[in-house]
Amino acid sequence: MSLTMNTLALPKQMTHIEITQPGGPDVLQPRTVGLPHPGPGELLVRVHAAGVNRPDVMQRMGVYPMPPGVTSVPGLEIAGEVVALGEGSSGFAVGDAVCALTEGGGYAEYCTVPVTQTLPVPAGLSMVQAAAIPETYFTVWANVFDAGALRREQTVLIHGGTSGIGSTAVRLSKERGARVLVTDDGPDKCQAALNLGADIAIDFRRQDFVEQVSLATSGRGVDMVVDIVGGAYFERNVAALARDGRLVLIGFLGGEVAERVNLLTIALKRLTVTGSTMRARTATEKADIAQRLQAAVWPAMAQGRCVPPVHAVFPLTQAAEAHRLMESGGHVGKIVLQVA
């Protein structure tokens, strides 16, 4: 194995967070282990910060396991410093500040990442901010702009506008010139969504979002719905869409099965239903997303736009508390673990 190593000696051991068994947040426990070694086409990164995401919670609960052969340590996004390069890795050097979409293992002091899923930390952003980028920005870009083809002056309804996915979708949709409607839970969350850039916020506990969409669009409907709820919203999402609209499924907090689906309505309105998870994508697909994202969004971030909102930062050893906050739904934007 050929490596380019940091001139400073690396420790032989590190701390990572282990899922001791499927269950609640307390199953996340720190453990001392040896450092991972970067394979061909990989980098070893000294992690400064790691993002916390809904798939991490699902993995901890035992309902979203990592693929065979992939580390069981949670953590899908990191930011830090390159300390070693695996054979054939190019484009980065030891000491570079990077953020990356991992294949797992981000809740750790050191993590290996594919070089093709690694990007420079955007100018002006901290490591904590950079760690909040990869998972949700890759996911939103691939679903909303690649598959969903949201365009300037179109109207999009984003469910859960202050969630990690939702806040990212709001920021990127506004940057691309779309009109943004969101749903959220209560007046405080709705105001937070407006502060993020949404044009209209709908309190789903007090308002029917289909009726509010109709009012906001003069009865036409929206061009796209970005949905993290799933089955429980499917019929109403179809009702809220305009002709030739697109329903983009990113999450399934309300169930994976839609009990009532009027297929005729989908056909008559010429709707497209699509969706994807990042985990199921190939390395080549993730590399392509990384390149498009960097070209389209990094310049905006360097000017202070599209920056991910970070709600709370926890030490690595308090990963359980970070998960409790995520499960409470009390956050606006991203939750991050501070590692170094």
Side-chain angles (χ1 to χ4, degrees), residues 10-38 42-67 69-84 97-114 117-118 121 126-139 164-165 277-279 308 310-328 331 333-340:
L10 296 174
K12 293 183 178 180
Q13 294 185 313
M14 68 170 189
T15 298
H16 76 191
I17 301 298
E18 185 175 300
I19 301 173
T20 57
Q21 62 184 29
D26 288 333
V27 305
L28 297 171
Q29 294 293 324
R31 295 288 188 265
T32 300
V33 297
L35 269 66
H37 297 284
E42 292 184 332
L43 306 173
L44 178 64
V45 176
R46 178 175 179 252
V47 180
H48 287 232
V52 176
N53 293 281
R54 182 66 59 176
D56 303 343
V57 174
M58 296 169 64
Q59 180 186 347
R60 188 206 75 218
M61 295 170 65
V63 297
Y64 194 46
M66 296 298 280
V70 176
T71 177
S72 61
V73 175
L76 298 173
E77 58 185 356
I78 62 167
E81 173 192 0
V82 176
V83 295
V98 298
C99 58
L101 181 73
T102 77
E103 298 297 332
Y107 290 16
E109 293 179 315
Y110 291 84
C111 181
T112 57
V113 296
Q117 294 167 207
T118 303
V121 170
S126 68
M127 288 289 191
V128 166
Q129 290 172 311
I133 295 172
E135 170 66 13
T136 53
Y137 279 66
F138 274 59
T139 299
I165 287 288
T277 64
M278 195 51 56
R279 185 172 296 179
V310 175
H311 180 88
V313 180
F314 294 86
L316 176 64
T317 54
Q318 293 181 20
E321 297 304 316
H323 276 224
R324 285 191 182 92
L325 175 57
M326 172 156 285
E327 289 180 304
S328 77
H331 59 292
K334 294 300 294 281
I335 301 168
V336 176
L337 299 175
Q338 183 90 52
V339 183

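All values derive from a computational prediction rather than experimental measurement.
When the shell of 6.0 Å around CE of Met61 is examined, it contains 12 or fewer heavy atoms from other residues, nucleotides or ligands.
The heavy-atom pair separating Val339 from Ala50 by the smallest distance is CG2-N, 4.4 Å. Residue Glu327 comes nearest to Arg60 through the heavy atom pair OE2-NH2, 2.9 Å, listed as atom of the first residue, atom of the second, then distance. Residues Val83 and Arg46 approach most closely at CG1-CB, 3.9 Å, considering heavy atoms. Of all non-hydrogen atoms in Ile133 and Pro308, the two that sit nearest each other are CG1-CG, 3.8 Å. Across every non-hydrogen atom of Val47 and Gly106, the tightest pair is CG1-O, 4.1 Å. Arg279 and Pro67 get closest at one heavy-atom pair: CD-CD, 3.8 Å.
Here the side chains of Val82 and Leu44 are not in contact, with every heavy-atom distance at 4.5 Å or above. Residues Pro11 and Leu35 form a side-chain contact, since some pair of their non-hydrogen atoms from C-beta on lies under 4.5 Å apart. With contacts defined as side-chain heavy-atom distances shorter than 4.5 Å, the pair Val52/Phe314 does not qualify. At least one side-chain heavy atom of Lys334 sits under 4.5 Å from a side-chain heavy atom of Asn53. A 4.5 Å side-chain heavy-atom check between Glu103 and Thr71 finds every atom pair outside the cut-off. Between Leu76 and Phe138, every side-chain heavy-atom pair lies at or beyond the 4.5 Å cut-off.
Within the 3.5 Å criterion, the main-chain N or O of Ile165 finds no donor-acceptor partner in the side chain of Thr136. Checked by atom type and distance alone, the side chain of Gln318 never pairs as donor or acceptor with a backbone atom of Pro315 at under 3.5 Å. In this structure a side-chain-to-backbone donor-acceptor pair under 3.5 Å is present from Gln338 to Ala340. Of the possible polar contacts, none joining the Glu18 side chain to the Ser72 backbone as a donor-acceptor pair under 3.5 Å is found. Listed for the Glu77 side chain is a donor-acceptor partner under 3.5 Å among the backbone atoms of Glu135.
Tyr107 pairs with exactly one of Ile78, Thr102, Asp56, Thr317 by the side-chain contact (heavy atoms from CB on, under 4.5 Å) rule, that one being Asp56. Evaluated for a side-chain contact (heavy atoms from CB on, under 4.5 Å) with Pro134, the options Thr118, Leu101, Val113, Thr139 yield exactly one hit, Leu101.
Interatomic distance, Met326 CE to His331 NE2, rounded to the nearest 0.5 Å: 4.0 Å. The distance from the CD atom of Glu81 to the OH atom of Tyr110 is 8.5 Å, given to the nearest 0.5 Å. Interatomic distance, CE of Met127 versus NE2 of His48, reported as 4.5 Å (0.5 Å rounding).
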Next item on the list: Please assess Leu28 against Ile19 for the test side chain to side chain contact (heavy atoms under 4.5 Å, CB included), listing each intermediate value before the final yes or no.
Entry: CA-CA 5 Å; Leu28 297 171; Ile19 301 173; 3.8 Å; yes
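A salt bridge links Arg324 to Glu321: at least one charged side-chain nitrogen sits closer than 4.0 Å to a carboxylate oxygen.
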